[in-house]
Amino acid sequence: MNYEDFFTNRSTSEISKDLLGRTLSFNNGNEILSGTIVEAEAYVGVKDRAAHSYGGRRSQANEGLYRPGGSLYIYSQRQYFFFDVACQAAGEPQGVLIRAIDPLTGIDTMIKNRNGKTGPLLTNGPGKMMQALGITSRKWDLARLEDSPFDIDINHKRKIEEITALPRVGINQSDPKWAKKKLRFIVAGNPYVSDIKKKDVKKNHGFI
DNA sequence: AGATGGATTTTCT
DNA sequence: GAAAATCCATCTA
């Protein structure tokens with residue numbers, strides 16, 4: 001299995017769901033920072049009102065979405081960066097946004113990168129996650145996953161008790177049809193999922 | 001625990 | 001000039 005196969009050949013929601021439980025890692029040149037993906041959102045292209053590629057919108061800023069599955073689309077907003085992987089064949093601008101990871105290695109460095117924050121505050125949101133990894137530029141935008149310091153383990157994943165589908169976060173509500181679509185997938189009960197309620201957190205973090 | 005408003009910067013109109 | 005796939009401090013209960 002290679003990245004291009006993994007990120008094409010099935011729907012972007014299926015790909016997003018299948019990313020849960022897999023390890024995302026970043027080699028900062030000194031050590032490997034990594035964590036288990038516990039939250040991801042699908043953006044399904046030109047018909048998706050909430051996608052950056054809605055209506056075929058295309059510019060230097062969102063070019064990554066138009067690249068073949070397995071290409072990186074890194075984008076910035078309000079001093080924060082977002083990590084997306086393009087899905088589907090070249091020219092079909094769909095993608096998955098990785099929103100949160102349950103940290104595994106390099107945790108001390110993540111705490112430093114996050115100015116002393118600890119626990120779920122480390123990585124329970126897309127901007128926070130990238131800050132924890134120490135990403136401060138769009139340097140790797142448009143790169144292929146296999147040619148970047150990022151890695152997603154597509155050969156192994158942790159067993160998950162239950163996956164929940166929810167509406168996506170922070171998107172324009174002017175078109176309820178798309179705003180309400182359940183294209184956000186989470187590991188139920190994991191404390192690193194953004195906005196999870198304390199009472200919903202499970203002791204095993206949602207893994208078996 | 002839930003709600004509100006400010007910060008800040010890239011990108012497009 | 002305004003909007004944006006966010007985050008955080010601060011308020012109220």
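Lettering follows sequence order; numbering is per chain, from 1.
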Check the distance between [N]'s [atom2] and [X]'s [atom1] and give it to me in whole angstrom.
X	N	atom1	atom2	answer
A:Lys128	C:dA9	NZ	C1'	12 Å
A:Gln173	C:dA4	CD	C1'	14 Å
A:Asn124	C:dT6	CG	C1'	12 Å
A:Arg57	C:dA3	CZ	P	14 Å
A:Lys197	B:dA3	NZ	C1'	14 Å
A:Asn62	B:dT11	CG	C1'	11 Å
A:Asp141	C:dA5	CG	C1'	15 Å
A:Arg58	B:dC12	CZ	P	13 Å

Side chain of [X] - closest among [options]:
X	options	result
A:Tyr75	C:dT6, C:dC8, C:dA4	C:dA4
A:Val169	C:dT6, C:dA5, B:dT10	C:dT6
A:Ser76	B:dT10, B:dT11, C:dA5	B:dT10
A:Arg114	C:dC8, B:dC12, B:dT9	C:dC8

Looking across every strand, which nucleic acid part, if any, lies under 4.0 Å from [X] by heavy atom: base, sugar-phosphate, or nothing?
X	value
A:Ala50	base
A:Leu97	base
A:Gln77	base
A:Asn172	sugar-phosphate
A:Arg49	nothing

Discussion item. Under a plain distance cut-off of 3.5 Å, with no hydrogens placed, do A:Arg58 and A:Ser53 share a side-chain donor-acceptor pair?
Written reply: no
Discussion item. If only side-chain N and O atoms count, and only distance matters, is there a donor-acceptor pair under 3.5 Å linking A:Tyr54 with A:Asn172?
Written reply: no
Worksheet item: Do we count A:Phe82 as stacking onto C:dA5 if the rule is ring centres under 5.5 Å and planes under 30°?
Response: no
Worksheet item: Are A:Asp48 and A:Lys181 within salt-bridge range, i.e. N to O under 4.0 Å?
Response: no
Worksheet item: Is any NZ, NE, NH1 or NH2 atom of the basic residue among A:Arg138 and A:Asp141 found under 4.0 Å from an Asp or Glu carboxylate oxygen of the other?
Response: yes
Discussion item. Under 3.5 Å, is there any donor-acceptor pair linking the side chain of A:Arg78 to the base of C:dA4?
Written reply: yes
Practice prompt. With DNA chain C as reference, determine whether A:Tyr43 or A:Lys117 sits nearer its 5' end, using the nearest nucleotide of each.
Written response: A:Tyr43
Item to complete: Using Watson-Crick or G-U wobble geometry with both distances below 3.5 Å, tell me the partner of B:dG2, or none.
Response: C:dC11
Discussion item. Is it the case that the side chain of A:Arg184 and the backbone of A:Glu39 share a donor-acceptor pair, with hydrogens and angles ignored and the cut-off at 3.5 Å?
Written reply: no
Discussion item. On the nucleotide B:dC12, are OP1 or OP2 found under 4.0 Å from the side-chain N or O atoms that A:Ser59 carries?
Written reply: yes
Response to the item:
The answer to which of A:Tyr80 and A:Arg138 contacts DNA chain B further toward the 5' end, by nearest nucleotide, is A:Tyr80
Worksheet entry | Ring-ring centroid check A:His52 A:Tyr75, cutoff 6.0 Å | yes
